[in-house]
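Quick note on labels: first sequence line is chain A, next is B, and so on, each numbered from 1. Everything numeric here is computed off the predicted structure, so don't read it as measured data.
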There are 2 protein chains.
Amino acid sequence: MSFTELANSRLETIGFRWTAPRRAVLRAIEAAGAPFTVEELLESLPEVGRATVFRTVKLLHELDLLCRVPLEDGSIRYQLSEGGHHHHLICRRCGQFTEFTDLELDAGIQEQARAHGFTLEGHAVELYGICAACSAAGA
Amino acid sequence: MSFTELANSRLETIGFRWTAPRRAVLRAIEAAGAPFTVEELLESLPEVGRATVFRTVKLLHELDLLCRVPLEDGSIRYQLSEGGHHHHLICRRCGQFTEFTDLELDAGIQEQARAHGFTLEGHAVELYGICAACSAAGA
DNA sequence: ATTTATGCAAAATCTTTGCATCAAC
DNA sequence: GTTGATGCAAAGATTTTGCATAAAT
C-alpha cells in the first residue's frame, strides 16, 4: 500500500475528508527525495495555501504518518514514517535519515529510567554523523 | 566554582568581555529553579535588551555552559549544563530535567552506527515521563 | 585608544487564526 | 443540505540584524 493510499484510508477511518489539496500535499511528500522542512514543502506547493500545508503536516504528524526529526541546530525536518517506535540516523552531509529499531537500546533506556525512579512514557534517540553512502562517495 | 565564575573564566579565556548585562543573564539563569525558555528568560530580565538575551544564550550554548533540550512539542528549553556528554530525563509533570550518563547506552548506540556503516559524530537521547518526586507527590 | 557589546527598533522568519467561500460526504 | 476544509490575508510569535552609542580592556 502506498503512502497516499495509507493516508487515505487512515483519514477516512477517522472521518477526515480526502480533498484535492491534501492529495497534493501527500504527492509532494512522497516525491520528496529527502527529509523536508515545512518551508520546502510550501515552495513545492505554490498552488496550495500556506495554512493548508501547515494544517496537513500537523495532521499527518498526529496520525503518525510523518515523523518529525529535530536537527542539531534546532530546526525540524519531516519524513514519511515507517510507523511505530523507532530512532534515527541522521547524515550531516546528505541530510538523509535512516530509521532503525533496537530493542536492546530500548531496554537500556528503560533500565536507566528505573534506576532513577522515573516512570518512562516515551523517548527519543537521534544519531548524527555521516552515512555509509556519503562516506564511500566523499574523499 | 559557581556557574557565574565558571562562565567568567570561560569567557575571558576566549577574549569575550565580562559585562553587566551578561552578569545579569547569568544570575537569572542561576536563579531559575527549572529549565527555561528564552521567552521566560526575557521576561525575568526586563532591564536587558532582547537581542542581548538571545545573543548571550547562544553564546553560552556554544560554550557548552547551557544545554538545549528539545521537548516533545518541538519547543526548546535550556538548562545549566553540568558539562560533557550526557542525556536527559524530562518530567512531563514538573518540567525538570535530570542529566545522566550511561556508557553502556552509548556503546549500544555506537554499535548501531557501526551496523549501518554510519560514522557517528554525535547523538542525543531524551527520556520523557514522570520523575520520582512527582510520582511520589501525585496521586 | 581600540575593540567588543549593548539597546533599540525594524526586519525577517515562522506559524496560526478568523472568516467567507467551496467541496466532500 | 450539512459539515468540514480551503485560501487568503492579517495577526502573532519568535529570532535576527543594522547601526549609533556605551562600556570593557
Side-chain angles (χ1 to χ4, degrees), chain A residues 4-29 32 35-63 65-79, chain B residues 4-5 7-29 32 35-63 65-78:
Chain A
T4 300
E5 290 167 336
L6 177 61
N8 184 353
S9 70
R10 197 76 77 81
L11 287 174
E12 287 190 336
T13 302
I14 326 182
F16 288 103
R17 289 176 183 176
W18 190 235
T19 64
R22 284 183 178 158
R23 281 193 292 274
V25 172
L26 289 165
R27 254 184 281 112
I29 289 175
F36 55 88
T37 59
V38 177
E39 184 57 28
E40 290 164 358
L41 195 55
L42 283 168
E43 282 168 22
S44 74
L45 287 165
E47 76 277 16
V48 178
R50 303 182 78 66
T52 299
V53 173
F54 276 100
R55 289 186 280 230
T56 304
V57 166
K58 179 181 286 187
L59 180 60
L60 294 173
H61 179 246
E62 284 166 1
L63 294 179
L65 290 163
L66 269 189
C67 61
R68 170 163 60 188
V69 182
L71 300 192
E72 292 163 294
D73 65 0
S75 66
I76 302 282
R77 284 184 175 265
Y78 292 87
Q79 189 184 38
Chain B
T4 300
E5 291 167 336
N8 184 354
S9 71
R10 196 77 77 80
L11 287 173
E12 287 189 334
T13 303
I14 326 182
F16 288 103
R17 289 175 182 176
W18 190 234
T19 65
R22 283 183 180 161
R23 281 193 292 274
V25 172
L26 289 165
R27 253 184 282 112
I29 289 175
F36 56 89
T37 59
V38 177
E39 183 57 29
E40 290 164 357
L41 195 55
L42 283 167
E43 282 168 23
S44 74
L45 288 165
E47 76 278 16
V48 178
R50 300 183 79 65
T52 299
V53 173
F54 275 101
R55 288 185 282 232
T56 305
V57 166
K58 180 181 285 187
L59 180 59
L60 294 173
H61 179 247
E62 284 166 1
L63 294 178
L65 289 163
L66 269 189
C67 61
R68 171 163 57 188
V69 182
L71 300 192
E72 292 163 292
D73 65 359
S75 66
I76 301 283
R77 286 185 174 265
Y78 292 88

With the criterion being N/O to N/O and under 3.5 Å, what pairs connect the protein with nucleotides 22-25 of chain D, and how long is each?
| from | atom 1 | to | atom 2 | distance (Å) |
| --- | --- | --- | --- | --- |
| D:dA24 | N3 | B:R17 | NH1 | 3.2 |
| D:dT25 | OP1 | B:W18 | N | 3.4 |

Are there any protein N/O atoms within less than 3.5 Å of an N/O atom in nucleotides 14-21 of chain C, and if so, which ones and at what distance?
| from | atom 1 | to | atom 2 | distance (Å) |
| --- | --- | --- | --- | --- |
| C:dT16 | OP1 | A:K58 | NZ | 3.4 |

Just how far, in rounded Å, is [atom2] of [N] from [atom1] of [X]?
{"X": "A:D73", "N": "D:dT16", "atom1": "CG", "atom2": "C1'", "result": "15 Å"}
{"X": "B:H61", "N": "D:dT16", "atom1": "NE2", "atom2": "C1'", "result": "18 Å"}
{"X": "A:N8", "N": "C:dA24", "atom1": "CG", "atom2": "P", "result": "13 Å"}
{"X": "B:L45", "N": "C:dT6", "atom1": "CG", "atom2": "P", "result": "12 Å"}
{"X": "B:E40", "N": "D:dA13", "atom1": "CD", "atom2": "P", "result": "15 Å"}
{"X": "A:I76", "N": "C:dT13", "atom1": "CD1", "atom2": "C1'", "result": "15 Å"}

Output the distance between atom [atom1] ([X]) and atom [atom2] ([Y]), rounded to the nearest 0.5 Å.
{"X": "B:L66", "Y": "B:Y78", "atom1": "CG", "atom2": "OH", "result": "8.0 Å"}
{"X": "A:F16", "Y": "A:N8", "atom1": "CZ", "atom2": "CG", "result": "13.5 Å"}
{"X": "A:E43", "Y": "A:T37", "atom1": "CD", "atom2": "OG1", "result": "7.5 Å"}

Practice task
Given side chain to side chain contact (heavy atoms under 4.5 Å, CB included), test B:V69 with B:I76 step by step and report yes or no.
Solution key: CA-CA 6 Å; B:V69 182; B:I76 301 283; over 6 Å; no
Handout entry: Lys/Arg-Asp/Glu bridge criterion (N-O < 4.0 Å) met for A:E40, A:R77
Key =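 Yes, A:E40 and A:R77 are salt-bridged.
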Problem - Donor-acceptor contact below 3.5 Å, side chain A:R22 vs main chain A:R17 - result: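 Looks like yes, one N/O pair under 3.5 Å.
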Exercise for the section: Mark yes or no for whether B:R68, through its side chain, and B:H61, through its backbone, hold a donor-acceptor pair below 3.5 Å. Expected result: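 Between the backbone of B:H61 and the side chain of B:R68 there is no qualifying donor-acceptor contact (under 3.5 Å).
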Practice task
Before giving the answer on side chain to side chain contact (heavy atoms under 4.5 Å, CB included), spell out for A:R10 and A:L60 the whole-Å C-alpha distance, their side-chain angles and the decisive distance to 0.1 Å.
Solution key: CA-CA 10 Å; A:R10 197 76 77 81; A:L60 294 173; over 6 Å; no
